[in-house]
*Asks:* 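A single structure is presented below for examination.
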Amino acid sequence: MKLTGAEIVWEVLRREGVKTVFGYPGGAILPTYDAMTKYPDIHHVLVRHEQGGTHMADGFARASGEVGVAIATSGPGATNMVTGIATAMMDSSPMVCITGQVGSKAIGTDAFQETDVTGVTLPVTKHNYLVTRADEIARTLREAFYIARSGRPGPVLVDITKDAQQSTAEYDWDAATPSLPGYRPDLHALPDEFERALDLINSAKRPLILAGQGIIRSNSSNLVLQIAEKAQIPVAMTLLGIGAIPAGHPLNLGMMGMHGEAWVNQAIQRADLLLAFGMRFDDRVTGNLKTYAQNAKKIHCEIDPSEVNKNVRVDVALIGDLNATLEEIGPGIKAVDRSEWVNAINELKGDAAVRDIQSLPDSGNLYAAHVINDIWRITKDVDPIVVTDVGQHQMWEAQYFRHERPRTLITSGGLGTMGFALPAAIGAKFARPEREIWVVAGDGGFQMTLAELATIVQEKIKVNIAIINNSYLGMVRQWQEFFYDKRYAATPMVSPDFVKLADAYGLLGLRVTERGQVADAVNRARAHDGTVVIDFRVQKEDAVFPMVPAGADLDNMIRRPKPVAPALPESEGDGEWEMPK
């Protein structure tokens, strides 16, 4: 059938199974918005800023496992999407962004609202396209969805000129089947590589599984758990891997890295084998690369060949889909008694296992750790989806909120994007409308995208918003405290009255200043029909512990309190990093 290019856009979206798109109209994308009126089965969410739209599409993708879709106009509309696209790229989130572009004859003339958005986004997309003809739209969009969801997922941008949207072309779904002979998302390890990996696993005395987000993306949680239980291999989590296996499982050690558990980092340094499942050895995980797990052999199970040996040299690389890799390697892994290794790590926890939250006084002061742990305690029966912003509260959430299922923690990892939480939570709610959604944000990041409260009101959706308000840019202030002699340059922050702000949007706002008020506020928020904003006024100069200073050895941590614990087998001692005077 013959359709306009704009109609073809919606036809492809419908055939790809898209039910929700997040966007903001403008001149260069107006033909597509006009055609949208013919497709009432696709719900359009009007965002308040294009960055918010991309974060919503990203949150939708992370919560559902499907491709999120965002739409914007040319020029500033398109460039406003860049931060959200880069966030999705760093965290391997499948997303298709559709932007309008000036007419093809005007390209290169500095026309009104013209920007070379394919050039701008080239480094932060998995792939991008400029489409100048209506008959190219169907094939290009189908390729975009295929690329976004296959292999290592990621964002794809499709920039469509206004004349391509307005002109007509024959629409044939089958004729537009993607054909990308140079694109190889289906790589698979060779048999001898599996044999080498099995030899290392079965002979290891002190192995550890490093569980990354790839486990969640590939739906491999059950396989990882089966392998861990069969071979008695403890599991350490990356930030984005949290939820891959239940927090309450005895083999789950907790989070590794800069703000991970002290015993996890020490165990990594003393392991004789690391099994890296769907993680990329980010600098926040490894610390000083020269001293990282020096005595450990390393097996990297990774879908993206470019990540292998990029940061850490490995002994065996099993390239391919993690689920397929684990299905192949799992039967060859032997059941080995590693109780000595497991028990040694458990003993290493010592008093630190109860964490400093239990030693913080309930003396009228409100600590962020108390707030987050109380939210978990009250809501754990429904296992809510928590969407965090970036900063101290993000690390406290990872430490004190126990996630038992995949896709229940949504956060910006690689890019560390402040302002991510609120719009991403909106996207998550559209993906999982039946689930309870909590936003955990700092007072700084929340103000970056708070305009999306209007989107919540217009769409009549419910999320619960916990603002961890310490009147500082907290994580930056912590670095200034530790490394810059408490010179708090540009980190003290004045915020609006968040309760009155909520009221201005027609939402319920609550304020909490004492520990005894937390449970009542959380329960009121849960019982309320609409979105609730809770302003938690926490201690201003609290810090996240433990902490590995940038560039320090992974087991040289600033800790509170310092645990006294036995050494692991073949331990060379426990280093302690001294805070600068």
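Throughout, residue positions are numbered sequentially from 1 according to the sequence presented. Computed from a predicted structure; not experimentally measured.
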*Asks:* Between the side chain of Thr73 and the main-chain N/O of Ala28, is any donor-acceptor distance below 3.5 Å?
*Replies:*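 Present.
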*Asks:* Would you name the heavy atoms of Leu253 and Val264 that are closest together and state the gap between them?
*Replies:*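 Closest approach of Leu253 to Val264, heavy atoms only: O-CG2, 3.5 Å.
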*Asks:* When you compare the side chain of Thr20 with that of Ile42, does any pair of heavy atoms fall below 4.5 Å?
*Replies:* no
*Asks:* Assess, by modelled atom type and distance only, whether the side chains of Ser495 and Gln447 contain a donor and an acceptor separated by less than 3.5 Å.
*Replies:*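 Yes, side-chain donor-acceptor contact under 3.5 Å.
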*Asks:* How far does CD1 of Ile465 sit from CD1 of Ile456, to the nearest 0.5 angstrom?
*Replies:* 4.5 Å
*Asks:* Give a yes or no on whether Tyr488 atom OH has more than 12 heavy-atom contacts from other residues, nucleotides or ligands under 6.0 Å away.
*Replies:* yes
*Asks:* Can any side-chain N or O of Arg477 pair as donor or acceptor with the backbone N or O of Asp542 at less than 3.5 Å?
*Replies:*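 Present.
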*Asks:* With no hydrogens and no angle check, just 3.5 Å: does a side-chain donor-acceptor pair link Glu452 and Thr455?
*Replies:*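 Short answer, yes.
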*Asks:* Side chains of Gln480 and Thr491: donor-acceptor distance under 3.5 Å anywhere?
*Replies:* yes
*Asks:* Does one side chain, of Asp321 or Ser218, offer a donor that lies under 3.5 Å from an acceptor on the other?
*Replies:* no
*Asks:* Donor-acceptor pair, Lys462 side chain versus Ile437 backbone, under 3.5 Å?
*Replies:* no
*Asks:* Write out all pairs satisfying ring-ring contact (aromatic ring centres under 6.0 Å, His included) with one or both partners inside residues 51-73, taking only residues at least two apart or from two chains.
*Replies:*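 Of all non-adjacent pairs touching residues 51-73, those that pass ring-ring contact (aromatic ring centres under 6.0 Å, His included) are His55-Phe420.
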*Asks:* Is Glu16 salt-bridged to Arg14, going by a charged N under 4.0 Å from an acidic O?
*Replies:*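 No salt bridge links Glu16 with Arg14.
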*Asks:* Does a side-chain N-to-carboxylate-O contact under 4.0 Å join Arg280 and Asp282?
*Replies:*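 Salt bridge between Arg280 and Asp282, a charged N being under 4.0 Å from a carboxylate O: yes.
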*Asks:* For residues Val224 and Ile245, determine if any side-chain heavy atom of one lies less than 4.5 Å from a side-chain heavy atom of the other.
*Replies:*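 Sidechains of Ile245 and Val224: in contact.
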*Asks:* A quick test of your reading: do over 12 heavy atoms of other residues, nucleotides or ligands sit less than 6.0 Å from CG of Asn523?
*Replies:*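 Yes - once you tally the heavy atoms of other residues, nucleotides and ligands closer than 6.0 Å, there are more than 12.
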*Asks:* Got Glu50 and Thr79 here, is their nearest side-chain heavy-atom distance under 4.5 Å?
*Replies:*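 No, side chains not in contact.
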*Asks:* In terms of the angle between their ring planes, are His44 and Tyr33 parallel, tilted or perpendicular, with boundaries placed at 30° and 60°?
*Replies:* perpendicular
*Asks:* In the structure I gave you, are the side-chain heavy atoms of Leu223 and Asn323 within less than 4.5 Å of one another anywhere?
*Replies:* yes
*Asks:* Is there a donor-acceptor pair under 3.5 Å between the side chain of Asn469 and the backbone N or O of Ser471?
*Replies:*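 Yes, the answer is positive, given that a donor and an acceptor are paired below the 3.5 Å cut-off.
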*Asks:* For the side-chain contact (heavy atoms from CB on, under 4.5 Å) test, which of Val47, Asp58, Thr449 pairs with Pro423?
*Replies:*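 Single pass found, and it is Thr449.
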*Asks:* Heavy atoms, side chains only, cut-off 4.5 Å: are Val120 and Val82 in contact?
*Replies:*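 Yes. Closest side-chain heavy atoms under 4.5 Å.
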*Asks:* Check whether any side-chain heavy atom of Leu141 sits under 4.5 Å from a side-chain heavy atom of Val9, and report yes or no.
*Replies:* yes
*Asks:* Report the distance from atom OG1 of Thr118 to atom NE2 of His127, rounding to the nearest 0.5 Å.
*Replies:* 10.5 Å
*Asks:* Using a strict cut-off of less than 4.0 Å between a Lys/Arg side-chain nitrogen and an Asp/Glu carboxylate oxygen, indicate whether Arg377 and Asp374 qualify as a salt bridge.
*Replies:*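 Yes, Arg377 and Asp374 are salt-bridged.
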*Asks:* So Val45 and Val21, do their side chains get closer than 4.5 Å, heavy atoms only?
*Replies:*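 Counting from C-beta outward, Val21 and Val45 never come under 4.5 Å.
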*Asks:* Under a 4.5 Å cut-off applied to non-hydrogen side-chain atoms, are Ile215 and Leu322 in contact?
*Replies:* yes
*Asks:* Return yes if a side-chain donor-acceptor contact under 3.5 Å exists between Glu481 and Trp479, otherwise no.
*Replies:*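 Side chains of Glu481 and Trp479: no pair found under 3.5 Å.
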*Asks:* Test ring-ring contact (aromatic ring centres under 6.0 Å, His included) on His370 and Tyr400; report intermediate values, then the result.
*Replies:* CA-CA 8 Å; His370 281 152; Tyr400 295 110; 8.7 Å; no
*Asks:* So, using side chain to side chain donor-acceptor pair (under 3.5 Å) as the criterion, who are the partners of Tyr472 when residues are at least two apart?
*Replies:* none
*Asks:* Looking at every heavy atom in both Glu11 and Tyr39, which two are closest together, and how far apart are they?
*Replies:*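 Result for this residue pair: OE2-OH, 2.9 Å.
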*Asks:* So, Gln165 versus Thr32: side-chain donor-acceptor pair below 3.5 Å or not?
*Replies:* yes
*Asks:* Per the side-chain contact (heavy atoms from CB on, under 4.5 Å) rule, which among Ile85, Thr87, Val156 passes with Met95?
*Replies:*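 When Ile85, Thr87, Val156 are each tested with Met95, the side-chain contact (heavy atoms from CB on, under 4.5 Å) holds only for Ile85.
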*Asks:* Do Asp159 and Thr99 pair up side chain to side chain, a donor and an acceptor below 3.5 Å, judged on atom types alone?
*Replies:*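 On atom types as modelled, these side chains qualify, holding a pair under 3.5 Å.
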